[in-house]
Every structure is written in C-alpha cells, then in structure tokens.
Amino acid sequence: MGHCTYKINIHGVVQGVGFRPFVYSVATKLGLKGTVSNGTSGVEIYINATQLEFTEFIRIVTGNLPPLAKIDNIDYKEIDSLIFDDFDIIQSTDNGEKSVKIPPDMFVCDDCQKELFDPNNRRYKYGFINCTNCGVRYSIIKNLPYDRHNTSMSEFKMCEKCEAEYKDPLNRRYHAQPIGCFDCGPKLSFYIGEKKIELSQNECLEYTANEILEGKIVAIKGVGGYHLVCDATNEHAVQELRKRKHRPSKPFAVMAHDITMARSLACVSEIEEKYLISSQRPIVLLKSKSSIIAPSVAPNLSQIGIFLPYTPVHLLLLDILKRPIVATSANLSDEPLCINLESLRKLNNVYDAVLDHNREIVNGCDDSVIKIVANHTLVLRRARGYAPAHIKLPFNLSQQVLGLGANQKSTIAIGFDKDVILSPHIGDLDSIESVKYFASNINTLRRVYDFDPKIVIHDMHPSYESTKYAKENFKNTRAVQHHYAHILSVMAQKKITTKVLGVAFDGTGYGDDGTLWGGEFLVCDYKGFERVASLQNFTLLGGEKAIREPRRVALALLFDIYGKDAMSFDLPTMKSFTPSELGILYTAWTKKINSPLTSSMGRLFDAVASLCNISQVVSFEGESGMLLEELFDPKITDPYSFELQDGKIVFMPMIKEILLEQDSRVVVSRFFHTIVNIIEHIVKLYPLPLALSGGVFQNGVLLKLLYEKFPDLLFGEDIPPNDGGIALGQVATMMETH
Ligand code: ZN
Ligand code: ZN
Ligand code: FE
C-alpha cells in the first residue's frame, strides 16, 4: 500500500483551543505517524498515511472539533516522503506570516466548573481555573504564536503538578497556556480603600461578599478590566454608586448567579437563554420583570441588561452572595476601562474596597452587549468573548489597510488579502486618555499581526480624533464618508457583491457637502455610492449642545415652521427654557449662529421626544430613543404624512400633526410607523436589496417593525449597527479591481 507524506495547513481559530492535542489523539488512534505544530499562520501537520487513512484523518479532524476551535480552510499537499517514529507535538515554528486568529476570552467549561466545586480537587475554589477548552485568551496575549511565554502568564512559573498536566498530550490542560493552581498561578488580593489586607484566597472572596452585603461598592478585577460592583437589590447602594460615578440615569448591567436567577429578574426566551449561558457570556438586554432589583438600576426602563458570571471568581462570589449584583465598567467618564490598579486608583472616591488579582491584563476588553429583536441578534457592543472579530470578505483587498473608525464607540480594523480583523470596542474618543488607549489598540494589532498598513482610512469628519491621528501618523491616508462606511460594513459582513439600497440612520456623520448627515438613503457598491434620498435639513441649534438637549432640536423645527410665533406656544419644549434663553435661541436661529444643518434621523427622534415631553435634556447618548420605545403601542399603526421632494424627505407636516395630538403613546407609535413608511416608499423607487446600518437601528421597536415589513433585509447581526462597525466598512472600500 502506498504510504505518502502529507503536509496539511489548517487556518482558523486553531491555537489555544486544544487543537494540537486533538490532532494528536486522532492521529494516535488511527496509528498514524508524523507531527503537529503551531505556526503563526495556523496549525501545521505532517503525516504519513495511505490515501484512505488520510481521508479518514481529515474527516475525523473536521467533524469533531474541540469546542472553541473553528476551521476557516485546510490546505494540503503531498510532499517528498519523510520518516517519523511516532506522532509528536513539536515546538512552534515562526514562519513570519501572522494570519492566525486570536481566540477570544471564554467562560469556565463544565469540566472545570465541576472541579471548582469539588472539595477533593486540588483546584477546589481556585479563582483562575481553566483548561484548553475554556478561560482567558485575548486579554493576556502580547504576541503570536499563542504560547505561554507570549502571554502575561509568563511571569508565573508552573509547579510540578501543573507542568505535568501541561506536558501530557492526553490531559485536558495540555498546553493550556493560562494553567495554574493555588501553588503557582495568579492569586486574589483584597484592599480596603488603598490598604491591602492580608487574607487567604477564600477570605478575599468572603470579605468582598461582606462589603457588598453591607451596601458598599467594590471594584473587582475581571478578564478585560475592572467592574464597580454593588448589591443590585440595595437601592441605597445603587443610588450611591450613581452619585459617586456621576451617572444619573444610564442603566447598569446586573450579574445574576445562574440562569434560574436571571429568569426571576427578567423574561428570557430560548434564544436569549442560549446567549446568557454561552461561554462568551455577553450582557443580554431583556424585558425586566417586577423583581427584587433596585429601581435605580435601570430607571424608567422596562428592559434590563443581565449577564451570568464570566470567570471562576465571579462564580465563587455569587455562590456566596446568592443575590444579583450591579457590575458596571470601572472608568472615569470618557476614559477607557481601568485595566490595572494604577488606573483604578483614579476612582478611589468611587469604591470602598478592591478585589484584585495579579494576572496582568494585556489587552483591555469591555463586556459585550446584545439584544434579541424579532429572533435576530442585535450586537450593541462587540467585545469580551467575541473580539477580535474575523470577517472574510467576498473579494481581495488591494493592499494592507488599516481602518480607524469614527469617534464614538470606536473600533479599528486591519485588512489583508480577504481577511479583516476588527478590534473590540475601544470607546468614545473624547479624552486624552481614550485617544492614548485608541493608539495602543492600533499598536497591539500591528504588533500581534506584524502588520504594516500601506493605506490608512479615516472618517471625513475633520475634527474626529481618529482623523487627526491618521494625518499625524501616516502618509498614505484616505477619507471615507461615514454613512457609506456604515452600509459597507453590512455588505462586507453579509458578503454582498451586488448593489444595495443602504439606509443609514444615526446621530450625525460628516457629509460630502459639509453638512451633518444622518438620515440617508444610499445606493451603494464597493466602488462608491449615490445619495438618492435623505431627510430634509434642519438646524442643530447650538451645535454639539443640541446633541445633549433634544429640546433645542425641537425648538429649531418649530422656528422653521412657525417662525417667531413659536415663542408663544404652550408646549413642554418651550416650557423647558426660561424666556431669556428662548430669546437668545431665537436670535441664534435667525442669524444662524452655531447652527449647523443636519439631516439626522437620530436628532429627529430627539425632537419627537422633546415635543412629547419624554426627554428635554439627555444624560447619555440614545436615551431619548430608549424612552420612546417604552411608549410604543403596537395597536396604533397609522403613519403620519410626509412628502418626497427632489430626494428630500419633507417631514414638517408630521411635526404639525404631532402638535395637535395629546396622547404621547399615539405620537410615538405613529412616528415609528412613519419611518417604516418612508423606507417602504424609497424601496419602491429603488428596488434593490435593503441594507440597514447606523445607531438608530439599535432601537428595538423600529428594527422589529422593519424585520416584519422586510423579512429579507440585510443587517449586520455580528457587527454593531452603531459606529463600532465603521472601521470594517472603511476597510471594505479597498476592494482590489483589475
Ligand atoms: Zn475548562
Ligand atoms: Zn500549579
Ligand atoms: Fe454613525
């Protein structure tokens, strides 16, 4: 029988997921000889086999993958025959090409959970238990290939027992890079204020639990950063956290002990449960039930963000507490997530105690947030568990490209060949610290992937920090329009190669004509776009201020329609200003002082919220949209009127009708249907596949109505519709053309 030597290269998520021992066990069972090793571009296998044996080997390997592994493609060829005595796992090779996928951070697997609660196991209640099937990855990686010496675990020297497990190909912890135990691995420590208290590992957890039960606020180090934690059932504690964090109303996420507890706090559908218990452990926005949760956790909202423990430490802590906790990212407003004790100390007036550990966080990573709308996934923030993201494009890129995203909910992307790697959520670039963090994320991706961009794409907005960064640091740069990038992000992810009708609705983005766009209908392909329709322009009275004050947008609309007469209207919008403020704003409106024009759908939402007196001034982005959702009544279905004149959607008739209506439920419901109606109208004029993107589509009510109306619509279910997807769209403009 003809034995041949085959060389096999497997690409995908194949490192740090137990792939080599898996290959080893398959080869050994089939009695085949050869080697397997990690390279920077995936896993490399040499094997001596007959054709039949080879086919069988590939069948088993591809059919029974370890839980965290994912294969993108397999290349193989016959080579000159080599002689092997055995099947061996050999040292990693470094062939210079770094396209291997970095695995994300995962929750504790079932096997490790059993050990965690088994008093006879040597890792009983060890807060950093993990194996090749679970645990931290991305957050500890400094470099590829993913080997212990390239991670922050390099500082921990394995004890004999751990080393034996690490070296045994048949052990679950074979080459589990973050392996450790009480003797040799990372450890918890506990601080009251800034003073370290000498405690055993178990006492650290017990003291933390006690603080929380006493209504105190504890900073807890997790996988990608610190959380601020308090008892979610203690209204006083939650209010205190709001006060200290200067966060008046933005909802907090709640961590529940297990799915049963989650069900007691909120309605959980089958698909929502799947996400909650998945090893990615995202925050899932759910419909809250009346429960023991303190009212200040999510004021005035019927939805609540819930997640389950995502590290052994959280699991052990909640096992003691047996009650839900608030767990919100620890950061100063506008600054990045705290990832070490030094940055956390800036918040020392917010927390009372710290549950710390000594495994360095190399790459910060926030919690992921998702919501299920009409049985589809809506990703609001893509981070821990999912990031970095890998997107296969339906075409080749012309050169190595770096996309810098926009300014809010920043992410960055690198692209080469057909691959795009999208960073986790970085945050808003509104402070010096956050811009530094943005730069360090760029450097991380460049270092880990040994990546040198030939062209750098940025947003058209001249004053975005990302635009400035591009111009200051790179020679070959190119601006791409914001809403075009929004739509391309959906096309790229859905591998669309035809023209689409893109609907980009968001807060604001810089337009080709220098006005602020945000209610856009674009006919797009990868080569370019045509703006076929958009909301009629209106005034952002006070520029940036109008974003925080919906009442300013509503006021400008009233001035546009009624001129000075509007001043005397008996409306909540007017009443929210003093007479002198109204006078000043009227002058600003007539003289066009600090009054940029916009076609933003997000701002139109704000105007409606002000006219209904739902919100006049917001404390966080998207607040008015969330409050509008609360008032939607599915029984009210008739839209308001609008007109399309020369590609402009004239909505002033709707504003007039809204003023005549007393019931805000009616206004809100009819408003949502009007938007659906507008989209339907434009779709008839441009019968192309419909693609939606932009922050406005984070609105669950609107998205659900659209899914019902257009079941085939294209929507980026893996990538956020908000500006977190912009970097991907930017990269996709670099399609190779021949
Ligand atoms: Zn495990
Ligand atoms: Zn050990
Ligand atoms: Fe946007």
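Counting convention: from 1, in listed order, for ligands and their atoms alike.
- For the Fe ion (ligand 3), the tally of protein N/O/S atoms lying closer than 2.8 Å stands at 4.
- Protein N/O/S atoms nearer than 2.8 Å to the Zn ion (ligand 2) total 4.
- Proximity of a side-chain donor or acceptor of Arg382 to a complementary backbone N or O of Pro720 within less than 3.5 Å is not detected.
- Under the 3.5 Å distance criterion, with hydrogens and angles disregarded, a donor-acceptor pair is assigned to the side chains of Gln177 and Tyr166.
- For the residue pair Asp506 / His486, a side-chain donor-acceptor distance below 3.5 Å is found, with atom types taken as modelled.
- Gln698 and Asn722 share a side-chain donor-acceptor pair at under 3.5 Å.
- Between SG of Cys131 and SG of Cys112, the angle at the Zn ion (ligand 1) works out to 110°, rounded to 10 degrees.
- The shortest non-hydrogen separation linking Gly716 to Val490 is N-CG1, 4.0 Å.
- Salt bridge status for Glu623 with Lys250: absent, with no side-chain N to carboxylate O gap under 4.0 Å.
- Here Asp319 does not pair with Lys125 in a salt bridge; the nearest charged N to carboxylate O distance is not below 4.0 Å.
- Using modelled atom types, one finds no donor on one side chain facing an acceptor on the other under 3.5 Å when comparing Ser200 with Asn202.
- A side-chain donor-acceptor contact under 3.5 Å links Thr377 and Tyr275.
- Aromatic pair Phe672/Phe605: ring centres closer than 6.0 Å.
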